[in-house]
Amino acid sequence: MEEGRGTDKGEMKHQQENTVDWRGRPSNPKKHGGMSAAAFVLGLQAFEIMGIAAVGNNLITYLINEMHFSLSKSANIVTNFVGTIFLLALLGGYLSDSHLGCFWTIILFGFVELSGFILLSVQAHLPQLKPAKCNMLTDGDMCEEAKGFKALIFFVALYLVALGSGCVKPNMIAHGADQFNLQTNPSHSKKLSTYFNAAYFAFSMGELTALSVLVWIQTHAGMDVGFGVSAAAMAMGLIVVVSGTLYYRNKPPRGSIFTPIAQVFVAAMLKRKQINPELMINRDQNQAESGNVVQTQRFRFLDKACIKVEDGSNTKESPWRLCSVTQVEQVKILISVIPIFACTIVFNTVLAQLQTFSVQQGSAMDTQLTKSFHIPPASLQSIPYIILIFLVPLYDKFFVPFARKITGHESGISPLQRIGSGLFLSTFSMIAAALMEKKRRDSASGSGEIISIFWITPQFLIFGLSEMLTAVGLIEFFYKQSLQRMQAFLMAMTYCSYSFGFYLSSVLVSLVNKITSSSSKGGWLSDNDLNKDRLDLFYWLLAVISFLNFLNYLFWARWHSHNSSASPTIQNEADGMGLNHYILTKHSKDVVDENIP
């Protein structure tokens, strides 16, 4: 006996395209969505990253010179701050998918971030909220470190920025991507790939402006003015995103995103003693018109959540005891992307060095460009973005169409291939950093020569190329997973990788100092003087770790490709399917796929 509960095709299509305008009315494809609507979100992304990058990339200088923290403590404050931003992205993703929706999450936490910038500017401007002025290079031991109320005000302001930015970031990407309807308009799939590249272009423009103009303002007009400009940039971003309100297609929240996941694990555990059923795909032509969900062979212990226990009664089982095939497959997808996510953590540990120790490297080099102009060390990170604002459009305009003809992939190369290429390049960024630091240290300690700051360019340039490949590849990979109602949360997971990477950086710094220290001298990174530290050896350690991480990624990428070959991989293959037509059969008993509650 076989049972299959059909769903009207038109009704299912309406459910899949359940997007609304700002008033909650069904969206109109002719008026809402598309690249024109996504452009407003790109504007917010450029302004938001402009504000946050100007703070984060030059924060270590402010912590040392104004707040009088030590080098290692300042580096840890910066990495913990950035790590917290990306960890809080999970909160933003959850609130968006479950309760608020992308747009309102952006607006609410955008104003939280703005308030943090304003408070930072006030704290930097008022002398009574900072320690007395002191030169950390000449009088380091005599300088008073910020404590008590002064430190409290600073950290409250800093973590208001972290809370706001963390909750805004994943929703910017998801809200922009939501403007493309992959189910009814196949051409939007290519446009979505273009959007992800455009998002990175907006990111690069924001970073470049922050690292050149805003950092120059911080250096010459003061950090209080610099923080104020960051607040103005965030305010402009909010104005831009609100201006597009009439053009957005919004995906409304549908309740807790964790409940269906928890139901699968609970149901599988309660039925752990059941025998796994034989799986069969119903290929009836009538059902094929609506589509079929393909059941995979990975994590088969979860399939027990689909087993319907027939006791002769017509009582419907609790959703905590009987789950749909769709539910189970989505949980499998979520589990299978975790190793890919984990492999990007070391990549972001490398990024942490470019925002902390590499800035200090620049401070110890000759920053003079002309007789009257000196390059702010924090502006060094603008080097890759200068290249990338030209490279990203060329990548999307020429490389993607060329590669598409060879591979047949809509993005030119697959997201997994793009991530792997970036991880491989990140190793060479650390090799370049180690070689340069050895040259700088030997010159300073030997002949006393201070080499030009341009020697530091290669490590930033290589990592910029690496980040373009890895960051965009990871976002595209996660967004195109067949996980209904979880796009913002998946975007948050990509940012969470940044968080873990920056936290790992803090752990590595402390661990390396502890292991390499002795009774007669400190560790590799224990001194405030880079000429006495062994930063070059620390960079070599990161190069080795990065290469081992790349090899680990190759294993998991191959595993994911092999185990996902039978499953739908993007939304127009999954959300466009009639997910209620898969029949799970155990001997003579049939288990019908129910609707996800």
Side-chain angles (χ1 to χ4, degrees), residues 71-72 75-76 78-80 82-83 86-87 337-361 381 384 416-441 456 458-471 473-474 493-517 522-526 530 533-560:
L71 172 59
S72 59
N76 282 344
V78 173
T79 52
N80 289 341
V82 177
F86 297 128
L87 188 62
V337 301
I338 291 176
I340 304 298
F341 157 82
C343 289
T344 61
I345 293 175
V346 170
F347 169 84
N348 289 301
T349 300
V350 173
L351 173 62
Q353 313 318 311
L354 300 183
Q355 294 190 0
T356 53
F357 290 119
S358 292
V359 174
Q360 290 305 109
Q361 277 183 293
Q381 296 169 78
L416 287 177
Q417 291 171 332
R418 188 166 180 171
I419 295 169
S421 300
L423 294 181
F424 181 69
L425 282 176
S426 68
T427 300
F428 293 94
S429 174
M430 286 295 93
I431 291 175
L435 293 173
M436 194 290 304
E437 173 59 15
K438 181 69 164 57
K439 176 179 177 60
R440 186 207 64 78
R441 187 174 182 274
I456 208 171
Q459 65 202 62
F460 286 100
L461 180 59
I462 295 171
F463 191 83
L465 296 171
S466 172
E467 188 177 22
M468 183 193 74
L469 294 168
T470 301
L474 189 65
M493 285 186 64
T494 67
Y495 286 108
C496 199
S497 169
Y498 286 88
S499 174
F500 291 151
F502 276 73
Y503 285 135
L504 178 59
S505 173
S506 295
V507 171
L508 276 177
V509 169
S510 300
L511 192 60
V512 165
N513 270 337
K514 184 175 181 179
I515 293 175
T516 58
S517 62
W524 288 354
L525 307 170
S526 60
L530 287 181
D533 287 336
R534 294 307 308 268
L535 184 59
D536 56 329
L537 298 181
F538 182 65
Y539 281 151
W540 278 115
L541 175 64
L542 283 174
V544 172
I545 293 175
S546 296
F547 184 70
L548 294 177
N549 179 65
F550 170 69
L551 297 180
N552 180 51
Y553 172 80
L554 292 180
F555 170 81
W556 288 111
R558 182 180 294 272
W559 173 85
H560 185 277

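I419 approaches G473 most closely through the heavy-atom pair CG1-C, 3.7 Å. The nearest pair of heavy atoms linking M468 to R418 is O-NH2, 3.3 Å. Here the closest non-hydrogen pair linking A543 and T427 is O-CG2, 3.5 Å. Listed here is the closest heavy atom pair of F500 and L87: CE2-CD1, 4.1 Å. For L469 against S421, the heavy-atom pair with the smallest separation is CD1-CB, 3.8 Å.
Between atom CG of residue L554 and atom CH2 of residue W559 there is a gap of 15.5 Å, rounded to the nearest 0.5 Å. Rounded to the nearest 0.5 angstrom, K439 NZ and D536 CG are separated by 13.5 Å. Atoms CH2 and CD1, from W556 and I338 in turn, are 10.5 Å apart once rounded to the nearest 0.5 Å. Atom OG of residue S546 and atom CG of residue L541 lie 9.0 Å apart, to the nearest 0.5 angstrom. Between atom CG of residue N513 and atom CG of residue L508 there is a gap of 11.0 Å, rounded to the nearest 0.5 Å.
Annotation: side chain to side chain donor-acceptor pair (under 3.5 Å) contacts of E467 (sequence neighbours excluded): Y385. With sequence neighbours excluded, the residues forming a side chain to side chain contact (heavy atoms under 4.5 Å, CB included) with T494 are L474, I475, F478, listed by chain and number.
Side-chain atoms of N80 come within 3.5 Å of backbone N or O of N76 as a donor-acceptor pair. Distance alone, capped at 3.5 Å, places no donor-acceptor pair between the S510 side chain and the V507 backbone. A distance-only check finds no donor-acceptor pair linking the side chain of S429 to the backbone of I462 [under 3.5 Å]. N549 contributes no side-chain N or O that, together with a main-chain N or O of V346, makes up a donor-acceptor pair within less than 3.5 Å. Judged by distance alone, the side chain of S497 and the main-chain N or O of M493 form no donor-acceptor pair under 3.5 Å. Formation of a donor-acceptor pair under 3.5 Å by the S505 side chain with backbone atoms of G501 is not found in this model.
Between S426 and T470 the shortest side-chain heavy-atom distance does not fall below 4.5 Å. Residues M436 and Q459 form a side-chain contact, since some pair of their non-hydrogen atoms from C-beta on lies under 4.5 Å apart. Contact check for V337 versus H560: side-chain heavy atoms found under the 4.5 Å cut-off. Counting only heavy atoms from C-beta outward, the side chains of W524 and L535 never approach each other to under 4.5 Å. At least one side-chain heavy atom of W540 sits under 4.5 Å from a side-chain heavy atom of L435. Annotation: side chain of N348 is not in contact with side chain of F86 (no heavy-atom distance under 4.5 Å). No side-chain heavy atom of E437 sits less than 4.5 Å from a side-chain heavy atom of R534. Looking at L537 and T516, their side chains never come closer than 4.5 Å, going by heavy atoms from C-beta outward.
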Pair L423, S466 - check side chain to side chain contact (heavy atoms under 4.5 Å, CB included), show working. CA-CA 7 Å; L423 294 181; S466 172; over 6 Å; no

Test ring pair (Phe, Tyr, Trp, His ring centres under 6.0 Å) applied to Y553 and F347, step by step: CA-CA 11 Å; Y553 172 80; F347 169 84; over 10 Å; no

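Using the six-membered ring where Trp is involved, F424 and F428 have ring planes that are perpendicular, over 60° apart on the 30 and 60° scheme.
Within 6.0 Å of CZ on F547 lie no more than 12 heavy atoms contributed by other residues, nucleotides or ligands.
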